[in-house]
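Report on the structure given below.
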2 protein chains.
Amino acid sequence: MRSEDIAKLAGVSRSTVSRVINNYPNVPETTRAKVLRVIEQHQYEPNSFARALAGKRTDTIGLFAISMTEQENASRIYQNSYFAPIVDMVVDTANARGFYVLIHTVYSRGEFQKVKQAFQQKRIDGGILVGTQKDIELVREMVDQEAPLVLVDYDISEIMAERLNKNHLAVINSMDYEGTAEALEYLIGLGHRDIGIIKGSMNTYSGRERYLAYENTLQKHGLPLRNDFVLEGEFLKESAYREAKRLAQQEELPTALFCSNDDMAIAAMEAFAEHGIAVPDQLSIIGFDDAQLASRITPKLTSVRLPVDEMAKAAVLKVIELCDTDEATFSTTSFPTRLVVRDTCKPPAR
Amino acid sequence: MRSEDIAKLAGVSRSTVSRVINNYPNVPETTRAKVLRVIEQHQYEPNSFARALAGKRTDTIGLFAISMTEQENASRIYQNSYFAPIVDMVVDTANARGFYVLIHTVYSRGEFQKVKQAFQQKRIDGGILVGTQKDIELVREMVDQEAPLVLVDYDISEIMAERLNKNHLAVINSMDYEGTAEALEYLIGLGHRDIGIIKGSMNTYSGRERYLAYENTLQKHGLPLRNDFVLEGEFLKESAYREAKRLAQQEELPTALFCSNDDMAIAAMEAFAEHGIAVPDQLSIIGFDDAQLASRITPKLTSVRLPVDEMAKAAVLKVIELCDTDEATFSTTSFPTRLVVRDTCKPPAR
DNA sequence: CTGAAAGCGCTTACAG
DNA sequence: CTGAAAGCGCTTACAG
């Protein structure tokens, strides 16, 4: 069934059918009703491709999960407790507003092409990029395409300050620095002086910010910054587990450990448990994200709550907004975090 | 940049450009190379809509997560530990084969229209449906559209036996009956005679099968089937928690509880913990799915492993296969389960 | 081996 | 208010 068929059945032209479908004002109620009834009767659905080709929107947004740090075999992006809720919220929010969402994961530079293609082939009206920003030129290329684009957890300003206002672009991130600082102030307030960190991915805005806040806060309080207390975690369970094991075998341990996300905090706790290191009695642990798991493990994990849901929702609303406006705009929104105190921190033993 | 432009630059016609793009044999290597170089140079990407409109595939498959039992506000489909890995695997598998995936969640009958529309509007080449099968006519309507369709965890045979072979259809499910029977035999082997169940959603193939196996296995061993030991869980954490709380207040408790999925098992354990009922000392618990969480909580949950990853992957391969073939086919694949014994079961106290 | 032309199913100035 | 016609960017018989 094509618009032509509907037109015939309703005794009008395709033009009029189109006008009705697109809800144009210049068609009398009786005509509209007549057409609408035929459409209804035959459950007619205009071909989305033909519409798009003729200049209409596709009503589809892209969601691209970039995970270029992870290994080939570690390729399960949603195992990461950060992505799952984002996908969740993005899909729900977009759907609720009548948009489909096209998902693609990117584990390598080559796959990144698919992201560009999705835009170039006009499959989507706009897109959301979330994840590691390993190859910044790739992102730059994206931005150059001038399609509506929302970047989650990206530090775009330093990269392309000059052309920001020529694009339909928005950045969404969280106040990682402040959140981390709050966590560390809390530990310091408990009396900790030897505080370690499991770093996130340095290819990531949040990873860098959290580390920076760690350094600065310790420094501010005149606390030692020991290299052997700084672990490379890359935001991954596996590396955190490995690093925690290594730490466990050191002669000296910190009395508290800030973990750049909950996945790593939980993996580290497992490692420590295996080495008979009691949390929080011998070692206080604090995570970041406040993932679902955080409150379900024992002991319950103290964590900095990241409003992923709000962020994901904001990202969708933003792309849609960008799709709706013609002028180039750039905006960046930072979402506040909040320390959720649970059972993994207490004053140091001595 | 359109194919016309490429044609001009390469000094050929659009036809030839098209032939090159579609990798048709009847074009000499030199011509092909020439065209390819121009395409390369200009990073030309054919408009996917125009291609689709002209009869080519869209290279997109749909993934529709149906969750019509859940409440409006419980609408977080991915919180369900069953969906997240499916989405994960479907996207990865499809992407690896050059397909995009269009995701849509369905929480109500109205939203189900979007699923049909995705097909009718020709947005996708084929689709995967997973979730509750509340309104069987909806599914029937889908099937009638004759588009490639894979149903995960559906019991299609009883519904439309007569037209199965007229469609591009496949069903993927797991051996829920056998898995449940194995779990119950294990409990019975430990000496349990008073065994309860938290049922899953009866709108679901797996929900029904698991319950059926529960009944049959108890019966087979001459064990009592007590109504007050049968809880309605709907596969949801919330209801399981509520029901477990209710059970905890009963005078008599079962000595073992089979939970139709891990989400419910874990929620129930939380409820029992709050009532001071020790697992497994006073009550043995067994789950289903072997979700990620199962091995991370304390005590570690004994569970029937469901090969979701394999199932999801199979679903994708199947749709793609269905898209590739012209003849109508119907197939159904059942994946075996496996009992993973951990720490939540022991012989009954007395 | 290759080009001109028709067609896919819409939308949108344009003219009336 | 409404229809005829051009156009969106491809693909594919058709003819040569």
Side-chain angles (χ1 to χ4, degrees), chain A residues 1-36 38-39 42-60 100 117-125 145 147 323 326, chain B residues 1-36 38-39 42-60 117-125 147 323 326:
Chain A
M1 179 115 329
R2 303 155 306 143
S3 71
E4 171 107 49
D5 303 320
I6 299 296
K8 278 213 185 83
L9 289 169
V12 297
S13 71
R14 280 144 74 213
S15 313
T16 300
V17 171
S18 181
R19 286 187 189 105
V20 170
I21 287 169
N22 292 298
N23 230 286
Y24 289 160
N26 55 348
V27 27
E29 267 322 307
T30 54
T31 312
R32 181 185 303 278
K34 192 170 55 182
V35 174
L36 240 25
V38 178
I39 289 178
H42 296 265
Q43 299 213 55
Y44 164 70
E45 290 291 336
N47 181 307
S48 61
F49 292 160
R51 299 192 78 190
L53 192 55
K56 283 291 182 184
R57 297 203 310 208
T58 64
D59 291 330
T60 304
Y100 288 93
Q117 285 172 19
F119 280 95
Q120 287 168 179
Q121 298 175 351
K122 300 269 157 53
R123 286 174 182 273
I124 52 182
D125 295 327
Q145 291 189 172
C323 293
D326 287 332
Chain B
M1 179 119 322
R2 302 156 308 142
S3 71
E4 171 107 51
D5 303 320
I6 300 295
K8 277 209 187 90
L9 290 168
V12 298
S13 71
R14 281 144 72 210
S15 313
T16 300
V17 172
S18 180
R19 288 188 188 102
V20 170
I21 287 171
N22 292 297
N23 229 284
Y24 289 159
N26 55 348
V27 27
E29 268 320 309
T30 54
T31 313
R32 183 185 302 279
K34 191 171 56 182
V35 173
L36 241 25
V38 179
I39 288 179
H42 296 267
Q43 299 213 56
Y44 164 70
E45 290 292 336
N47 181 307
S48 61
F49 291 160
R51 298 192 78 190
L53 192 56
K56 282 292 180 184
R57 295 204 311 208
T58 64
D59 291 330
T60 304
Q117 286 173 17
F119 281 95
Q120 289 169 178
Q121 298 176 350
K122 302 267 156 52
R123 287 174 181 271
I124 53 182
D125 295 327
C323 294
D326 286 334

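A note on names: the letters A, B, ... follow the listed sequences, proteins ahead of strands, and every chain is numbered from 1.
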Arg123(B) CZ to Arg123(A) CZ distance, which is reported to the nearest 0.5 Å: 12.0 Å
To the nearest 0.5 Å, tell me how far Ser48(B) OG sits from Ile124(A) CD1. 9.5 Å
So if I define the base as every atom that isn't primed, P, OP1 or OP2, how would nucleotides 10-16 of chain C read as a B/S/- string at a heavy-atom cutoff under 4.0 Å? BBBB---
Contact summary for [X] and [Y], nearest pair of heavy atoms:
{"X": "Lys34(B)", "Y": "Ala10(B)", "value": "CE-O, 3.4 Å"}
{"X": "Lys122(A)", "Y": "Asn47(B)", "value": "CG-ND2, 3.9 Å"}
{"X": "Val12(A)", "Y": "Thr31(A)", "value": "CG1-CG2, 4.2 Å"}

Taking pairing as Watson-Crick or G-U wobble with both contacts under 3.5 Å, can you name the mate of dA4(D), or confirm there isn't one? none
Any strand counts, and the cut-off is 3.5 Å on both contacts for Watson-Crick or G-U wobble. Which nucleotide pairs with dA13(C)?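 None - no nucleotide pairs with dA13(C), as no candidate has both distances under 3.5 Å.
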What contact category does Thr31(B) fall into here, base, sugar-phosphate, or nothing, at under 4.0 angstrom with non-hydrogen atoms?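 Contact class for Thr31(B): sugar-phosphate only.
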Could you measure between the two C1' atoms, the one in dG16(D) and the one in dT12(D), and give it in whole Å? 16 Å
Pairing of Arg2(B) and Asp5(B) as salt bridge, 4.0 angstrom limit: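 Salt bridge between Arg2(B) and Asp5(B), a charged N being under 4.0 Å from a carboxylate O: yes.
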